[in-house]
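A quick write-up on the structure given underneath.
If you read the sequence from its start, that first residue is 1, and numbering goes on from there. Order of appearance sets the numbers: ligands from 1, and atoms from 1 within every ligand.
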Amino acid sequence: MASSYKKIYKATAVSPANIAFIKFWGKKNPKRNIPFNDSISMNLSNCITTTTVEFNPRFRSDRVILDGRELKDEKKFRVLKMIDLVREKSNIPWGVKVESKNNFPSDAGIASSASGFSALALSASVAAGLNLSLKELSILARFGSGSASRSVIDGFAQWNKGKNSNSSYAIQIAPPEHWDVRDIVVVVEAEKKKKSSTEGHTVAPKNPFFTVRQKLLSKRIRNIKNALLKKNFKKFGELLEEEAIELHIIAMTSKPPIFYWNKGTIEVINKVREIREKGILAYFTMDAGPNVHVICIAKDAKILNRKLRRIPEILFTIINKPSVGTHLLKKHLF
Ligand code: DP6
């Protein structure tokens with residue numbers, strides 16, 4: 001007992017954002033974040049969240065600090081919902097302090113919720129003394145944000161929709177070193193997005209085109225996974241763009257319609273198509289935001305990046321390699 005009294009209930013985790021090659025769009029069970037379809041992604045080496053969690057009997061209230069600002073809104077509520085799950089599992093009733101830092105702009109369609117909730121799942125569970133398996137960690141992260149379930153995996157991941165909460169989690173398709181590709185995140189807007197992906201998930205299943213999408217998906221998932229495993233970049237890229245356009249068509253034709261693209265998004269799409277005609281293989285995809293992820297082979301990243309940065313609408317770019325998933329760090333943020 002004396003030793004457990006002295007024990008420090010504190011842990012820090014680092015986690016990458018991920019880019020979805022096949023998108024999670026529409027929740028079968030919104031409370032538990034169970035999706036209608038499987039999704040596939042790659043973790044991003046340069047879009048990282050670091051989170052420290054401490055449980056302490058001396059903390060009188062729960063505090064959540066993101067990028068130096070104390071949260072008071074819906075976001076704090078979402079964080080504390082996951083903290084409560086961890087408290088329940090570990091029987092720790094104490095107050096908590098959560099501090100988190102992104103190395104990229106939050107809420108700009110670079111999936112800060114994926115890196116954020118996966119980092120939170122690992123740091124909170126370890127701080128509370130839980131020793132979760134990778135499957136359990138993916139499920140816990142999923143409760144915070146669906147796409148976070150994929151960030152815990154090293155490299156390329158597939159989140160299988162499953163039949164219930166216990167079977168809806170991500171597994172590895174291939175490790176980071178499997179394929180030397182790059183994701184150039186082309187940032188055309190760094191402000192908070194107007195429509196959250198959560199709102200998009202809510203309206204999507206009522207869209208008549210959603211049923212058509214679900215029918216097309218199983219073949220596309222099979223084919224893109226095959227292209228990824230065989231490193232057939234052209235085939236992979238064609239499917240990637242088809243999938244991205246389809247997601248945004250669903251968003252744009254939902255009621256009310258959601259337009260994530262802006263002028264810069266279109267400029268980048270046009271530039272990628274133009275560059276491709278000149279012989280450099282590059283393909284675009286966008287998650288729930290205006291920023292464009294340009295996927296290319298490693299050797300082409302530098303020249304592509306240079307060409308893309310000449311577009312006037314571009315604020316900055318972030319070049320990512322395939323990355324390892326969520327892991328612990330010895331150094332804490334506080
Ligand atoms: C377009 O995982 O952000 O990026 O569970 O409501 O937090 P919540 O949704 P979220 O949705 C991601 C949507 C997407 C596609 C994807 O990442 O699969």
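For the pair His248 and ligand 1, no heavy-atom separation below 4.0 Å is found. Distances from ligand 1 to the non-hydrogen atoms of Arg142 include no value under 4.0 Å.
Distances below 4.0 Å separate heavy atoms of Ser147 from the following atoms of ligand 1: 2 (O), 3 (O), 10 (P), 17 (O). Near His201, meaning under 4.0 Å from any of its heavy atoms, are these atoms of ligand 1: 6 (O), 9 (O), 10 (P), 11 (O), 12 (C), 13 (C). Ligand-side atoms of ligand 1 in range of Ser197: 3 (O), 9 (O), 10 (P), 11 (O), range being under 4.0 angstrom from any heavy atom. The contact set between ligand 1 and Lys27, taken as ligand atoms under 4.0 Å from a residue heavy atom, comprises 5 (O), 6 (O), 8 (P). If you number the atoms of ligand 1 from 1 as listed, the ones under 4.0 Å from a heavy atom of Ala20 come out as 16 (C), 17 (O), 18 (O). Near Trp25, the atoms of ligand 1 lying under 4.0 angstrom from a non-hydrogen atom of the residue are 1 (C), 13 (C). Residue Ser145 has at least one heavy-atom neighbour below 4.0 Å for each of these atoms of ligand 1: 2 (O), 3 (O), 5 (O), 7 (O), 8 (P), 10 (P). Those atoms of ligand 1 with a heavy atom of Ser113 less than 4.0 angstrom away are 3 (O).
In the displayed structure, Asn166 atom CG is contacted under 6.0 Å by at most 12 heavy atoms of other residues, nucleotides or ligands.
Counting heavy atoms from C-beta outward, Met252 and Pro257 have side chains that stay 4.5 Å or more apart. Looking only at side-chain heavy atoms (C-beta outward), Glu99 and Thr51 stay at 4.5 Å or farther from each other. Under the 4.5 Å side-chain criterion, counting only non-hydrogen atoms from C-beta, Ser149 is in contact with Ser138.
With a 4.0 Å heavy-atom cut-off, ligand 1 is reached by the side chain of Arg78 but not by its N, CA, C or O. Residue-level proximity to ligand 1 for Asn33 is carried by the side chain, the only part with a heavy atom below 4.0 angstrom.
Any N or O atom pair closer than 3.5 Å counts here, and Arg150 shares at least one such pair with ligand 1. Among the atoms of Lys23, none of the N or O lies under 3.5 angstrom from an N or O of ligand 1. Between Phe24 and ligand 1, at least one N/O pair is under 3.5 Å apart. Where the criterion is an N or O separation shorter than 3.5 Å, residue side chain and backbone included, Gly146 meets it with respect to ligand 1.
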Atom pairs and distances, donor-acceptor, side-chain atoms in residues 297-309, under 3.5 Å, two or more places apart:
residue : atom : partner : partner atom : Å
Asn305  : OD1  : Thr317  : OG1          : 2.7

Given side chain to side chain contact (heavy atoms under 4.5 Å, CB included), test Glu243 with Thr285 step by step and report yes or no. CA-CA 8 Å; Glu243 167 67 1; Thr285 183; over 6 Å; no
Side chain to side chain contact (heavy atoms under 4.5 Å, CB included) between Gln158 and Lys225, intermediate numbers included: CA-CA 9 Å; Gln158 173 159 348; Lys225 201 165 141 185; 3.1 Å; yes
Going through the distances and angles, do Lys89 and Ser125 end up as a side chain to side chain donor-acceptor pair (under 3.5 Å)? CA-CA 9 Å; Lys89 274 184 200 284; Ser125 58; over 6 Å; no
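Annotation: Trp25 is not in aromatic contact with Phe210 [ring centroid separation under 6.0 Å not met].
Under a hydrophobic clustering in which Ile, Leu, Val, Met, Phe, Trp and Tyr are joined whenever their side-chain heavy atoms come within less than 4.5 Å, directly or via other members, Leu333 and Val126 fall into different clusters.
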